[in-house]
Number of protein chains: 2
Amino acid sequence: MAPPVLLDLVQQGETLTLNAHETLFSEGDPVQHLYCVAEGTMVLSRYSVSGERQIMAFLFPGDFLGITFEKTFSLGAETLTKCILLRVDHAALDEKAVDDPSVWRAMSEVTWRFLRGSMELTFTIGRKSAVGRIASFLLYLSFRQGGFTAPTADISLPMGRQDIGDFLGLTIETVSRCFTKLKETGCIALPTTDRVELVDVEALRTAADVVD
Amino acid sequence: MAPPVLLDLVQQGETLTLNAHETLFSEGDPVQHLYCVAEGTMVLSRYSVSGERQIMAFLFPGDFLGITFEKTFSLGAETLTKCILLRVDHAALDEKAVDDPSVWRAMSEVTWRFLRGSMELTFTIGRKSAVGRIASFLLYLSFRQGGFTAPTADISLPMGRQDIGDFLGLTIETVSRCFTKLKETGCIALPTTDRVELVDVEALRTAADVVD
DNA sequence: CGTACATTTGACATCCTTCAAAATGAGTGG
DNA sequence: CCACTCATTTTGAAGGATGTCAAATGTACG
């Protein structure tokens with residue numbers, strides 16, 4: 001899934017371990033490295049003047065972060081769980097790119113994939129109801145945790161309700177209510193607070209407005 | 001602003017003229033060309049199953065479209081006004097990229113810029129009230145029409161209220177009401193329906209929650 | 001077992017949407 | 001130049017969905 005060139009590069013770099021709820025970098029910090037998540041879950045987020053958080057993306061193993069063309073980060077990065085990261089200096093990246101054109105091609109591709117995700121989020125927030133957003137989110141998690149190919153019915157939620165709300169433009173209470181509603185309508189089951197079982201995927205897809 | 005390499009390439013390609021409210025390509029169409037807007041205003045949009053439109057971006061002169069790593073478009077492109085476009089075949093692009101690594105670097109950069117815009121939109125829709133969204137939108141237009149450097153106080157609106165609503169996740173009525181409210185509070189003036197004058201930029205920035 | 005935090009639930013307020021109608025403006029023909 | 005028509009925008013009234021505030025329940029950890 002991840003471009004081999006970039007994987008090679010970060011694997012030659014340093015390994016970094018962070019605990020849950022640590023900040024890797026913040027908005028405005030100078031850009032130095034390109035990172036790749038090896039283990040754990042992270043978020044990329046932006047804060048408003050009034051202190052509200054908008055999560056732009058959840059990052060899972062194989063995802064890159066630190067991609068930018070600016071000198072400082074426009075997003076902050078925090079861990080949700082304990083994480084292992086691989087990182088390579090941007091300078092080393094540029095150096096490698098001089099005689100290997102596939103580096104920039106790979107960067108384009110990774111950026112493009114991030115853009116696809118961002119547009120998906122825009123669409124979800126802009127056009128869907130609260131239940132629709134949660135349904136879409138669950139289907140997305142199922143897709144990701146199934147390795148992009150075989151959606152899992154059994155999902156783990158490494159993020160809290162607040163994180164989900166900050167991602168989908170909802171309050172924590174609305175998120176909770178939507179979970180309850182989806183449970184009551186038989187779409188999902190909630191064995192524990194951080195685990196979701198997709199019971200009726202078709203109904204969930206209908207709720208998410210992604211039916212064929 | 002736009003990378004010279006890509007500008008050169010599209011300038012060597014064909015020129016295309018479209019009237020207002022024409023479709024250049026739709027979601028699912030096979031990707032063949034990379035385009036650059038020379039004149040006019042366009043939109044990139046995606047439709048939901050239920051037929052609702054989410055505009056992902058407004059495109060102005062100098063903007064590129066048709067950037068993708070897939071075989072088919074994930075967005076549709078329509079003109080709002082009469083447009084002149086430059087285009088180059090993706091095959092020609094790949095060919096050029098073989099011996100010119102700056103092509104892919106430029107593509108990364110253009111994709112990144114699009115991504116920045118997409119995240120800005122996510123943030124606007126996810127975290128701001130209706131008035132805040134309109135205020136942000138006007139400041140964005142001012143920025144764009146002032147050539148990214150000197151924001152204009154006199155803005156033209158090549159798009160209708162429906163388009164603005166489809167961009168910001170609002171209904172046409174709410175858009176109209178927000179314009180009225182911003183007018184009543186002295187932030188803006190509306191000489192005509194398709195023209196906005198920024199009277200009190202600071203107040204507008206406050207309304208948009210982008211105050212320093 | 002008890003404390004602290006996260007989640008869920010409830011009651012109410014608010015903002016935005018929906019539905020409906022009036023006003024404005026652009027284009028056309030008399 | 002004016003009257004007419006159609007589309008767009010604006011305004012109004014009412015309803016609904018989500019946010020806010022507050023309390024109860026559940027869960028993890030010492």
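Quantities reported herein were computed from a predicted structural model and do not represent experimental measurements. Each chain gets a letter, A, B and so on, in the order its sequence line appears, and its residues count up from 1.
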Does A:R161 have a side-chain nitrogen or oxygen under 4.0 Å from the phosphate oxygens OP1 or OP2 of C:dT8?
yes
Just checking, any donor-acceptor pair under 3.5 angstrom between side chains of A:S108 and A:T111?
no
For A:K181 and C:dT8, give me the distance from atom NZ to atom C1', rounded to whole Å.
14 Å
Proximity of B:F137 and B:F179 rings by center, below 6.0 Å:
no
Taking the side chain of A:I172 as its heavy atoms from C-beta onward, which of C:dC16, D:dT11, C:dT7 lies nearest to it?
C:dT7
Checking all strands, does A:T192 fall into the base, sugar-phosphate, or nothing category for heavy-atom contacts under 4.0 angstrom?
nothing
Find which nucleotide of DNA chain D each of A:C178 and B:M159 is nearest to by heavy atoms, and output the residue with the more 5' nucleotide.
B:M159
Below the 4.0 Å mark, does D:dT11 have OP1 or OP2 next to a side-chain nitrogen or oxygen of B:T180?
yes
Measure CG/B:D166 against P/D:dT8 and give the value in whole Å, please.
13 Å
Write down the distance between CG (B:L168) and C1' (C:dT17), rounded to a whole number of angstrom.
16 Å
Establish, with yes or no, whether the OP1 or OP2 oxygen of D:dG19 is under 4.0 angstrom from a side-chain nitrogen or oxygen of A:T174.
yes
To the nearest angstrom, the CG-P distance between B:L157 and D:dT8 comes to 15 Å
Using the side-chain heavy atoms of B:T193, tell me which of these nucleotides is nearest: D:dT18, C:dC16, D:dT9.
D:dT9
Atom CG of B:L170 and atom P of D:dA17 are separated, to the nearest Å, by 18 Å
Check the distance between C:dT17's P and A:K128's NZ and give it to me in whole angstrom.
18 Å
I'd like to check A:W112 versus B:F114 (side-chain heavy atoms, cut-off strictly below 4.5 Å). Are they in contact?
no
On a plain distance test, is the side chain of B:R177 in donor-acceptor contact with the base of C:dT18 below 3.5 Å?
yes
Just wondering, do B:I164 and B:I134 contact through their side chains at under 4.5 Å, heavy atoms?
yes
Mind checking whether B:L157 and B:V196 have side chains closer than 4.5 Å, heavy atoms only?
yes
Could a donor-acceptor pair under 3.5 angstrom be found where the side chain of B:E173 meets the base of C:dC19?
yes
A:F179 has an atom CZ; how far is it from atom C1' of C:dT9, in whole Å?
16 Å
Is A:G132 touching bases, backbone alone, or none of the nucleic acid, heavy atoms closer than 4.0 Å?
nothing
Check the distance between D:dT9's P and B:L182's CG and give it to me in whole angstrom.
17 Å
